[in-house]
Structure formats: structure tokens, C-alpha cells
*Asks:* 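Next up is a structure, given as C-alpha cells.
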Amino acid sequence: ETGVTQTPRHLVMGMTNKKSLKCEQHLGHNAMYWYKQSAKKPLELMFVYSLEERVENNSVPSRFSPECPNSSHLFLHLHTLQPEDSALYLCASSQDAGAPREKLFFGSGTQLSVL
Amino acid sequence: GQNIDQPTEMTATEGAIVQINCTYQTSGFNGLFWYQQHAGEAPTFLSYNVLDGLEEKGRFSSFLSRSKGYSYLLLKELQMKDSASYLCAVRDLGNRDDKIIFGKGTRLHILP
């Protein structure tokens, strides 16, 4: 248990569906992140929130829409996804977004399959 | 550009020693991390190096040479539970602020 909880663990959706991924951290951290992990590719940073404000948006398609209502919760809203969006989506948190030594605490991820 | 290279897969024997190498090319450098990720689980932090040299933590050690853009993770007295992917990540000082860039990971198989 890393203190970062993601739900659901697995999700299968059609290309016309709308779904949301949820992340909750119990560590009192100020920064939260969404990463995408595809097979045989590096972890890709998607979004960074610091104190509920989005500070990074890594050229992610608009079919992915993040929401950070407070420093403990992070959502990723999905709509009209493509099959190539199938991947493991990891949420992470850290005490602060910019401090050099800051390590990331990851959730177990949501394994997403788009049919 | 940004590039982090590490071997895709390695195999070692229980009780032995294995070294996982990582080379990086980034526009800036503000530290290097190693993470361990078991299949189906969250990556977990192993080590952080920002100065040249060796950092030892129990059975795991991590080495950094900034001039060579090189790091390695050394695992001693290997156990079956060490079978996992090992992710090398560099905190790159970009144009606006820094971000952590990950390699593809090295999948380590431990044989009995």
C-alpha cells in the first residue's frame, strides 16, 4: 500500500463511451500526476497538478480531461477514446511538484482497454 | 533531445549479483531515480542520486557519473522477489521547469 489509491483497477470501454478514472492520495501531498504506461514504451507524463492548479499539460489529446477538485483527489475523464489509448494509467503524488529530491508515490494503476 | 536507455530484459540467478545500466541524454540534469515495478503493481521508489558516486541501501546500490551520463543499479544476494521491472528516471531541467523522464524499464528475471 503506497497511500495512493486508484479505481477502477480494470476498465473496458467502447470508443463512444464516457468514463472517469479516480485517484485518491492519503499522504498529505501537494502535487498529483497522471502517467500513461504502454507496453514497451516509457512512462509518459500526461498532467501535473500542484495545489489543485494544473502546471503541466504534455500535449495530451483533448479526449483526456483531468480534474483536481482538491489536493487529495484527481480524476481523468475519458471520452471518444481510440484503441491506441489502451494502456495502464498511473496516478502519482509527491510532496511538492518542483523540489529536486521529490520522489513519486504511485498508485497501482487502471488497466484500460478500448475496443 | 531527451533519451534514456536501459536494457529491455536481463536474467540472473538467485543469490547472485546483477547490474542494470542506464545511460541518459537530457538538456539538463537535476537527479536520477530508480524505481521497482512488480507486474500489475505500482512502481516504488528505490534510490535517488544527484552527486557522482555510489549510494548503498541494503542489498541495493545505485551509482551515478554525471560526466558520462551513466548510472547503474546493483542488486546483491538476489531473491526471487526481485523479479520485477526496474525503471531509470531522470529529473530534466527543461525550458520552463523540471520534469521526470522515464526509461522503458528493464525486466529482470530471477532463476532459482
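Chain naming here is simple, since letters A, B, ... match the order of the sequence lines and numbering starts at 1 in each.
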*Asks:* Applying salt bridge (Lys or Arg N to Asp or Glu O under 4.0 Å), name anything that partners A/Glu67, two or more places apart in sequence or on another chain.
*Replies:*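 For A/Glu67, no residue satisfies salt bridge (Lys or Arg N to Asp or Glu O under 4.0 Å) once neighbours in sequence are set aside.
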
*Asks:* Report the distance from atom CD of B/Gln37 to atom CZ of A/Phe106, rounding to the nearest 0.5 Å.
*Replies:*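 These two atoms lie 8.0 Å from each other.
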
*Asks:* Of all the heavy-atom pairs spanning A/Gly107 and B/Pro43, show the shortest one and how long it is.
*Replies:* O-CD, 4.3 Å

*Asks:* Other residues, nucleotides and ligands only: do more than 12 of their heavy atoms fall within 6.0 Å of NZ on A/Lys36?
*Replies:*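 Atom NZ in A/Lys36 is packed in, count exceeds 12.
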
*Asks:* So what's closer than 4.5 Å to chain B heavy atoms on A/Leu90: side chain, backbone, both or neither?
*Replies:* side chain

*Asks:* What do you reckon, is CD of B/Gln19 surrounded by more than 12 foreign heavy atoms closer than 6.0 Å?
*Replies:* yes

*Asks:* Heavy-atom cut-off 4.5 Å, strictly under: side chain, backbone, both or neither for A/Gln37 against chain B?
*Replies:*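 For A/Gln37, the side chain is the part near chain B, not the backbone.
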
*Asks:* Among the clusters formed by ILVMFWY side chains lying less than 4.5 Å apart, do B/Phe33 and A/Leu45 turn up in the same one?
*Replies:*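 Hydrophobic grouping puts B/Phe33 with A/Leu45.
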
*Asks:* Rounded to the nearest 0.5 Å, what separates atom OH in A/Tyr33 from atom CD1 in B/Ile100?
*Replies:* 6.0 Å

*Asks:* If you take all heavy atoms of B/Gly40 and A/Arg9, which pair is closest and at what distance?
*Replies:* O-NH2, 2.9 Å

*Asks:* In terms of hydrophobic clusters joined by side-chain contacts under 4.5 Å, are A/Phe75 and A/Met46 together?
*Replies:* no

*Asks:* Is the side chain of B/Tyr35 donor-acceptor paired with the backbone N or O of A/Leu104 at a distance under 3.5 Å, no angle test?
*Replies:*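 Looks like yes, one N/O pair under 3.5 Å.
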
*Asks:* Spell out, yes or no, whether A/Leu88 and A/Leu43 are grouped together once hydrophobic residues are joined by side-chain heavy atoms under 4.5 Å, including indirect joins.
*Replies:* yes

*Asks:* Could you tell me the separation between the OG atom of B/Ser47 and the NZ atom of A/Lys103, rounded to the nearest 0.5 Å?
*Replies:*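 Reported to 0.5 Å precision, the distance equals 10.5 Å.
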
*Asks:* To the nearest 0.5 Å, tell me how far A/Glu102 CD sits from B/Arg91 CZ.
*Replies:* 7.0 Å

*Asks:* Within this structure, what is the CD-CZ distance for the pair A/Glu44 and B/Phe102, rounded to the nearest 0.5 Å?
*Replies:* 12.0 Å

*Asks:* When you group the ILVMFWY residues by side-chain heavy-atom contacts below 4.5 Å and let the links chain together, are A/Val60 and A/Val48 in the same group?
*Replies:* no

*Asks:* Other members of the hydrophobic cluster containing B/Val18, with the 4.5 Å side-chain heavy-atom rule, please.
*Replies:*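 Joined to B/Val18, directly or through intermediates: B/Ile4, B/Met10, B/Ile20, B/Tyr24, B/Phe29, B/Leu32, B/Trp34, B/Leu46, B/Phe60, B/Leu64, B/Leu73, B/Leu75, B/Leu78, B/Met80, B/Tyr86, B/Val90, B/Ile101, B/Leu108, B/Ile110.
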
*Asks:* NZ/A/Lys40 to CZ/B/Arg107 distance, rounded to the nearest 0.5 angstrom?
*Replies:* 8.5 Å

